[in-house]
Amino acid sequence: MPQRIGVIGAGYVGLVTGACLASMGHQVTLRDIDEAKVRMIGDGEPPIHEDGLKQLMHECRDRLRATLDLAEMLEASEIVFIAVDTPPTHSGDADLSRVMTVLDELEQIGATGEHVLVMKSTVPVGTGERVRAELDKRGLESIGYCSNPEFLKEGVAIADFLSPDRVVIGDFRAADGDKVAALYEPLGAPILRTSVPTAEMIKYASNAFLATKISFINEIANVCEEVGADVIEVAEGMGLDARIGPKFLSAGVGFGGSCFPKDVSALKQLAGNSGYHFQLLTSVIEVNELQKRRVVGKLKRHLGDLEGKEIALLGLAFKPGTDDMREASSVVLAARLLAEAASVRAYDPVALEAARHTVRGVEFFDDPWACVTGADAVVLVTEWPEIIGLDWPKVAQVMRGDVLVDGRNALDPADAVAAGFAYEGIGRVAPS
Ligand code: UGA
């Protein structure tokens, strides 16, 4: 049965959630405090780059609207998703001020309806209990609260929402959880019902485990380089064990994005705040930091001192399919190369605009050929299809030098060597 849904925060998670629920037949009202965003959504323009989102917004334009007015959104909805930012503070804890502002606003409006608030933002374990207490303190006892963490991956968020591996719902009152579960039932995925703190923990534990898998395979890759093994085949051999599985075992220049780095640190912090030292996560973070910098060592092995050397970075976004530059490995890598007095140029098919605001001192190109021409070395940082598909023998010809560091193991080493490159992958031995 179609429901009236509200979404507070029309950022990445809020907008995808809203558009997907609208596509399932529900009437969705998004509320954001950013006027430009609200206007763009009203015009059918997604303010973020996400595959298929514009099309989806177009298809369900009659059921998806945006407003600046919380009271208006509340009036139009029964189930209200909260998808506001929870950035890390200086202490590594999550900043919940935006969540608390929403509660203040609800109090000011005098919200008395039987709304159910559904927390989609990633929040520290214990937040739900705090919000519940705050709601009660403000006389908003009739408003329900559930935790429903999101597991969307940027770039494939719509498919992840509509075909999830699982849906997790934590509630204080079963009736509230039932309403949220009913929304997801048509998707046919397993729905796990838990307490609110357990649902909050499932989100952190899942992201921390995936990040651990990546740091683990990156360390295996580094050892492979020492002993002459090939990490891609090692990962394949490991992944065939059903207990391990093949996913998230791609070695590279480290994980980035708005989630893994933030959530791993937040979980470590959360444990620390309650007196537990989460040793494993400390290593996961440290391995990831070192991994971003290892490319510099590889370049030096071929080029010696990097001063004045022309280094071309292909791909800047933290992964393909997004213009998101948050915690992208390219940012640390570019800064390290600049600190070595190298001259750094960069190309990205989508993230250039976002990169200009994030990375200083780099020369940006909107054409890959202009970027690689005359370079001493090329580093493949983000495995965009348009970068993998370049005419690599031609790249080798237009460069000044011959060094190619494949930071995502996206190319065939034998082909690269045949094209004339001095090839370096991550955890692979190039044929001589
Ligand atoms: C991640 C999780 O995968 C989602 O399930 C979760 O919902 C989301 O965080 C979140 O908490 O909101 P996302 O940050 O979009 O999603 O990106 P991923 O596709 O998971 O990639 C994260 C980083 O790990 C990227 O930099 C990617 O290049 C890197 N990665 C991924 C590897 O280096 N190796 C791999 O094998 C996989």
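Computed from a predicted model, the values in this text were never measured in an experiment. Residue numbers start at 1 and run along the sequence shown. These values consider heavy atoms only, across backbone and side chains, with no hydrogens, waters or symmetry-generated copies.
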Student: Take Gln291 and Ile426, measure what side chain to side chain contact (heavy atoms under 4.5 Å, CB included) needs, and give me the verdict at the end.
Tutor: CA-CA 10 Å; Gln291 198 67 15; Ile426 309 291; 3.6 Å; yes
Student: Among Gln27, Arg63, His26, find the residue that satisfies the side-chain contact (heavy atoms from CB on, under 4.5 Å) test when tested with Leu21.
Tutor: His26
Student: When the side chains of residues 245-269 are checked against the rest of the protein, which donor-acceptor pairs come out under 3.5 Å, sequence neighbours left out?
Tutor:
residue: Asp263; atom: OD2; partner: Asn207; partner atom: ND2; Å: 2.7
residue: Ser265; atom: OG; partner: Pro261; partner atom: O; Å: 3.0
residue: Gln269; atom: NE2; partner: Ser91; partner atom: O; Å: 3.1

Student: Taking Leu74's backbone N and O only, do any of them form a donor-acceptor pair with His115's side chain (distance below 3.5 Å, no angle check)?
Tutor: yes
Student: Output yes when Arg336 and Glu340 qualify as a salt bridge under the 4.0 Å nitrogen-oxygen rule, no when they do not.
Tutor: yes
Student: When the side chains of residues 354-364 are checked against the rest of the protein, which donor-acceptor pairs come out under 3.5 Å, sequence neighbours left out?
Tutor:
residue: Arg356; atom: NE; partner: Glu353; partner atom: OE1; Å: 3.4
residue: Thr358; atom: OG1; partner: Ala354; partner atom: O; Å: 2.8
residue: Arg360; atom: NH1; partner: Arg356; partner atom: O; Å: 3.1

Student: Checking Glu225 against Arg428 for the salt bridge (Lys or Arg N to Asp or Glu O under 4.0 Å) test, could you report, in this order, the C-alpha distance in whole Å, the side-chain angles of both residues, the deciding distance, and whether it holds?
Tutor: CA-CA 6 Å; Glu225 287 175 8; Arg428 318 187 74 181; over 6 Å; no
Student: Taking all non-hydrogen atoms of both residues, which atom of Ala375 and which atom of Val378 are closest, and how far apart?
Tutor: CB-CG2, 4.5 Å
Student: Can Val7 and Val28 be said to form a side chain to side chain contact (heavy atoms under 4.5 Å, CB included), step by step?
Tutor: CA-CA 7 Å; Val7 182; Val28 178; 4.0 Å; yes
Student: Measure across Ala312 and Cys371 and return the closest heavy-atom pair with its distance rounded to 0.1 Å.
Tutor: CB-O, 3.6 Å
Student: Can you confirm whether the side chains of Arg294 and Asn222 place a donor and an acceptor under 3.5 Å from each other?
Tutor: yes
Student: Can you list the residues that meet the salt bridge (charged side-chain N to carboxylate O under 4.0 Å, His left out) rule with Asp34, with sequence neighbours excluded?
Tutor: none
Student: Counting only heavy atoms not in Glu286 (residues, nucleotides, ligands), do more than 12 fall under 6.0 Å from its CD?
Tutor: no
Student: Can you name the salt bridge (charged side-chain N to carboxylate O under 4.0 Å, His left out) partners of Glu219, sequence neighbours left out?
Tutor: none
Student: Check the pair Glu154 / Lys319 against salt bridge (Lys or Arg N to Asp or Glu O under 4.0 Å), numbers first and verdict last.
Tutor: CA-CA 9 Å; Glu154 287 189 32; Lys319 68 174 189 178; over 6 Å; no
Student: If we ignore angles and hydrogens, is there a donor and acceptor under 3.5 Å between the side chains of Thr67 and Glu72?
Tutor: yes
Student: List the residues meeting salt bridge (charged side-chain N to carboxylate O under 4.0 Å, His left out) with Asp415, not counting sequence neighbours, and say none if there are none.
Tutor: none
Student: Taking salt bridge (charged side-chain N to carboxylate O under 4.0 Å, His left out) as the cut-off, I'd like each qualifying pair that reaches into residues 142-153, sequence neighbours left out, listed once.
Tutor: Glu150-Lys203, Lys153-Asp160
Student: CD of Glu45: more than 12 outside heavy atoms within 6.0 angstrom?
Tutor: yes
Student: Throw together a table of side-chain donor-acceptor distances under 3.5 angstrom for residues 232-242, partners on residues two or more places apart or in other chains.
Tutor:
residue: Asp241; atom: OD1; partner: Arg243; partner atom: N; Å: 2.9
residue: Asp241; atom: OD1; partner: Arg243; partner atom: NE; Å: 3.2
residue: Asp241; atom: OD2; partner: Arg243; partner atom: NH2; Å: 2.8

Student: Who pairs with Arg193 by salt bridge (charged side-chain N to carboxylate O under 4.0 Å, His left out), at least two apart in sequence or on another chain?
Tutor: Asp171, Asp178
Student: side-chain contact (heavy atoms from CB on, under 4.5 Å) with Ala342: which residues, sequence neighbours excluded?
Tutor: Leu306, Ile311, Leu337
Student: Could you go through the side-chain hydrogen bond (donor to acceptor under 3.5 Å, both in side chains) check for Ser215 and Thr212 one step at a time?
Tutor: CA-CA 5 Å; Ser215 276; Thr212 304; over 6 Å; no
Student: Would you please say whether a donor-acceptor pair under 3.5 Å links the side chains of Ser97 and Asp95?
Tutor: yes
Student: Do the side chains of Arg132 and Glu129 get close enough for a salt bridge, i.e. N-O under 4.0 angstrom?
Tutor: no
Student: Atom OH in Tyr145, atom CD in Glu134: separation rounded to 0.5 Å?
Tutor: 12.0 Å
Student: Just by distance, do the side chain of Asp348 and the backbone of Ala317 share a donor-acceptor pair under 3.5 Å?
Tutor: yes
Student: Could you state the interatomic distance from CZ (Phe216) to OG (Ser283), rounded to the nearest 0.5 Å?
Tutor: 12.5 Å
Student: With distance as the sole criterion, is a donor-acceptor pair present between the side chains of Tyr347 and Asp367 under 3.5 Å?
Tutor: no
Student: Taking only Lys NZ, Arg NE, NH1 and NH2, and the carboxylate oxygens of Asp or Glu, determine whether Lys54 and Glu59 approach each other closer than 4.0 Å.
Tutor: no
Student: Main chain of Asn148, side chain of Lys120: is a donor-acceptor contact present, judged purely on distance under 3.5 Å?
Tutor: yes
Student: Can you label the angle between the Tyr184 ring and the Phe161 ring as parallel, tilted or perpendicular, going by 30° and 60°?
Tutor: tilted
Student: Can you sort out the partners of Glu289 under side-chain hydrogen bond (donor to acceptor under 3.5 Å, both in side chains), two or more places apart, ordered by chain and number?
Tutor: Lys292, Arg293
Student: Name all residues meeting the side-chain hydrogen bond (donor to acceptor under 3.5 Å, both in side chains) criterion together with Asp366; count only those two or more places apart in sequence or in a different chain, and write none if there are none.
Tutor: none
Student: Give a yes or no answer on whether the side chain of Glu105 reaches the backbone of Leu70 with a donor-acceptor pair at less than 3.5 Å.
Tutor: no
Student: Does any N or O in the side chain of Glu50 come within less than 3.5 Å of the main-chain N or O of Val156, such that one atom is a donor and the other an acceptor?
Tutor: yes
Student: List the steps, then state whether side chain to side chain contact (heavy atoms under 4.5 Å, CB included) holds for Asp406 with Glu424.
Tutor: CA-CA 6 Å; Asp406 179 1; Glu424 286 265 0; over 6 Å; no
Student: Can you give each donor-acceptor pair under 3.5 Å made by side-chain atoms of residues 75-87, sequence neighbours left out, with the distance rounded to 0.1 Å?
Tutor:
residue: Ser77; atom: OG; partner: Met73; partner atom: O; Å: 2.7
residue: Glu78; atom: OE2; partner: Arg4; partner atom: NE; Å: 3.1
residue: Thr86; atom: OG1; partner: Thr122; partner atom: O; Å: 2.8

Student: Work out which heavy atom in Ile387 is nearest to a heavy atom in Thr382; give both atom names and the distance.
Tutor: CD1-O, 3.8 Å
Student: Might you work through the side chain to side chain contact (heavy atoms under 4.5 Å, CB included) test for Glu141 and Leu135, ending with a clear yes or no?
Tutor: CA-CA 6 Å; Glu141 291 90 348; Leu135 285 167; over 6 Å; no
